Amino acid sequence: CHHCHVEAGPNRPETMDRRTADRVLALAQASPSLTTLDLTGGAPELQPEFRHLVLGGRAIGLEIIDRCNLTALFQPGQEDTAEFLADNEVRVIASLPCTTPETVDAQRGRSVFDRSIEALQLLGRLGYGRAGSSLGLDLVYNPAGDSLPGPQADLERRYRHELKAEFGIEFHRLLTITNMPIKRFAHMLVREGKLESYQSLLVDHFNPATVPELMCRTMLSISYDGRIFDCDFNQMLALPMGATGPESKEQSIWDLEDLRSITGRAIATSSHCYGCTAGAGSSCGGALQV
């Protein structure tokens, strides 16, 4: 395992506590193969243990990624969060589903586009996204509906041109991620009578060449309460590690001394996994084939 996603949780009762955060850091320190601590969860910056995880991870030499909710940078109490990220060389990955306000606001809410652009400009003033900068800034593109993402390289060129020309924004990479037919998106597909056709689209575009690079092969996902899953999507579905094999058993960070005991275990799979293997493939790091 090289990559650890931590679902820190939003600023609600379901948030990671200090004891769990410390156990995550202890497990990471005991696992030399782990190189990256990836913090996610809607708006991880609002989670009480966010900065503790960042500082602790940096202290043991991990790369830290913040799946940043850009609008969270303007929430009360977050006035210095952008500077904190820069000071600790946290790599920022942020969703921007389009370069026009109409599409973004339709998907995310009124004024989200303007606030996202303002946040990207703030990060840019701190050095994020510039060529040669150690402050990594990647953007994420999801299709608006029931289709596969277009070619990642082509979309990246378009984003790079339009964001620079219109707003002076630079970034390092654009990551395309396929919409997974689970939870909210699945409910939308059901309402529109498109779930079966979308699932068929994913199956029909299954690409076996993506399988060796699937994120579930080299990462694990840890929930706010310390439970361990093969990927974030399995966590959302409460699908335990190896749930489709004989080793099915829910495990948590309290059951492990290091990550060697789960190396080589069967990976829990279901129909949603076609989302990661369709077309050019999809992962937390974008397309698997570019």
Side-chain angles (χ1 to χ4, degrees), residues 5 7 38 40-42 67 69 93-109 112-113 116 138-159 173-217 219 221 223 229-245 266-290:
H5 271 221
E7 174 76 37
D38 192 332
T40 184
R67 301 269 165 178
N69 183 325
I93 299 180
S95 177
L96 192 70
C98 191
T99 58
T100 58
E102 295 80 12
T103 302
V104 175
D105 288 356
Q107 288 189 42
R108 303 295 169 84
V112 168
F113 179 81
S116 296
D138 299 333
L139 302 180
V140 173
Y141 167 87
N142 295 92
D146 55 334
S147 62
L148 295 176
Q152 182 168 284
D154 292 347
L155 285 165
E156 182 177 290
R157 281 191 289 271
R158 194 194 86 197
Y159 264 64
R173 296 188 302 156
L174 180 73
L175 313 178
T176 59
I177 298 180
T178 300
N179 289 325
M180 301 296 286
I182 60 176
K183 295 293 184 176
R184 184 184 303 173
F185 184 60
H187 294 155
M188 184 201 79
L189 293 173
V190 169
R191 288 196 308 271
E192 297 180 359
K194 296 179 178 179
L195 180 60
E196 184 176 346
S197 63
Y198 185 67
Q199 188 68 52
S200 295
L201 174 73
L202 299 180
V203 173
D204 291 345
H205 286 81
F206 172 69
N207 180 359
T210 64
V211 174
E213 303 301 322
L214 290 175
M215 58 184 172
C216 56
R217 299 173 68 102
M219 69 160 283
S221 178
S223 66
F229 299 87
D230 289 309
C231 72
D232 287 356
F233 304 121
N234 284 4
Q235 182 186 149
M236 293 171 70
L237 294 170
L239 185 62
M241 294 183 70
T244 51
I267 295 170
T269 59
S270 189
S271 60
H272 67 282
C273 298
Y274 282 104
C276 292
T277 58
S282 179
S283 75
C284 57
L288 298 175
Q289 293 186 321
V290 294

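These figures come from a predicted structure and were not determined experimentally. This chain uses plain numbering: 1 for the first residue, then up along the sequence.
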Could you tell me if the side chain of [Y] sits less than 4.5 Å from the side chain of [X], heavy atoms only?
X      : Y      : result
Cys276 : Met180 : yes
Asp138 : Leu174 : no
Pro151 : Glu156 : no
Ile182 : Phe233 : yes
Thr40  : Asp232 : yes

**Asked** When you check the side-chain N and O atoms of Thr277 and Asn207, is any donor under 3.5 Å from an acceptor?
**Response**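 On atom types as modelled, these side chains do not qualify, holding no pair under 3.5 Å.
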**Side-chain donor-acceptor contact under 3.5 Å, Ser221 with Gln235** =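 Judged by distance alone, the side chains do pair up.
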Let me confirm one number: the [atom1]-[atom2] distance from [X] to [Y], rounded to the nearest 0.5 Å.
X      : Y      : atom1 : atom2 : answer
Leu189 : Leu195 : CG    : CG    : 5.5 Å
Asn234 : Ser223 : CG    : OG    : 12.5 Å
Phe229 : Cys216 : CZ    : SG    : 14.5 Å
Thr176 : Leu148 : OG1   : CG    : 10.0 Å
Ser95  : Arg67  : OG    : CZ    : 10.5 Å
Leu175 : Asn142 : CG    : CG    : 10.0 Å

**Prompt:** Yes or no on side-chain contact (heavy atoms from CB on, under 4.5 Å) for Thr178 and Leu202, after CA distance, side-chain angles and deciding distance?
**Reply:** CA-CA 10 Å; Thr178 300; Leu202 299 180; 4.1 Å; yes
**Message:** Just checking Gln289: does its CD atom have more than 12 heavy atoms from other residues, nucleotides or ligands closer to it than 6.0 angstrom?
**Reply:**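 Yes - once you tally the heavy atoms of other residues, nucleotides and ligands closer than 6.0 Å, there are more than 12.
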**Message:** With a sphere of 6.0 Å drawn around OH of Tyr198, does it hold more than 12 non-hydrogen atoms of other residues, nucleotides or ligands?
**Reply:**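 Check passes, neighbour count above 12.
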Whether the side chain of [X] engages the backbone of [Y] through a donor-acceptor N/O pair (distance < 3.5 Å, no angle test) should be reported.
X      : Y      : value
Asn179 : Pro143 : yes
Lys194 : Asp146 : no
Ser283 : Gly285 : yes

**Message:** For Met188 and Phe185: C-alpha separation, side-chain torsions, deciding distance, then whether side-chain contact (heavy atoms from CB on, under 4.5 Å) applies.
**Reply:** CA-CA 5 Å; Met188 184 201 79; Phe185 184 60; 3.4 Å; yes
For [X] against [Y], the heavy-atom pair lying closest together:
X      : Y      : result
Val211 : Arg217 : O-CD, 3.1 Å
Cys231 : Met219 : CA-CE, 4.2 Å
Gln152 : Ala287 : OE1-N, 2.8 Å
Leu214 : Leu288 : CD2-CD1, 3.8 Å
Gly41  : Glu7   : CA-OE2, 2.9 Å
Ala268 : Pro240 : CB-O, 3.2 Å

**Message:** Could you walk me through whether Tyr141 and Leu96 satisfy the side-chain contact (heavy atoms from CB on, under 4.5 Å) test, starting with their C-alpha distance in whole Å, then the side-chain angles of each, then the deciding distance to 0.1 Å, before giving a yes or no?
**Reply:** CA-CA 6 Å; Tyr141 167 87; Leu96 192 70; over 6 Å; no
**Asked** Going through the distances and angles, do Ile93 and Val140 end up as a side-chain contact (heavy atoms from CB on, under 4.5 Å)?
**Response** CA-CA 7 Å; Ile93 299 180; Val140 173; 3.4 Å; yes
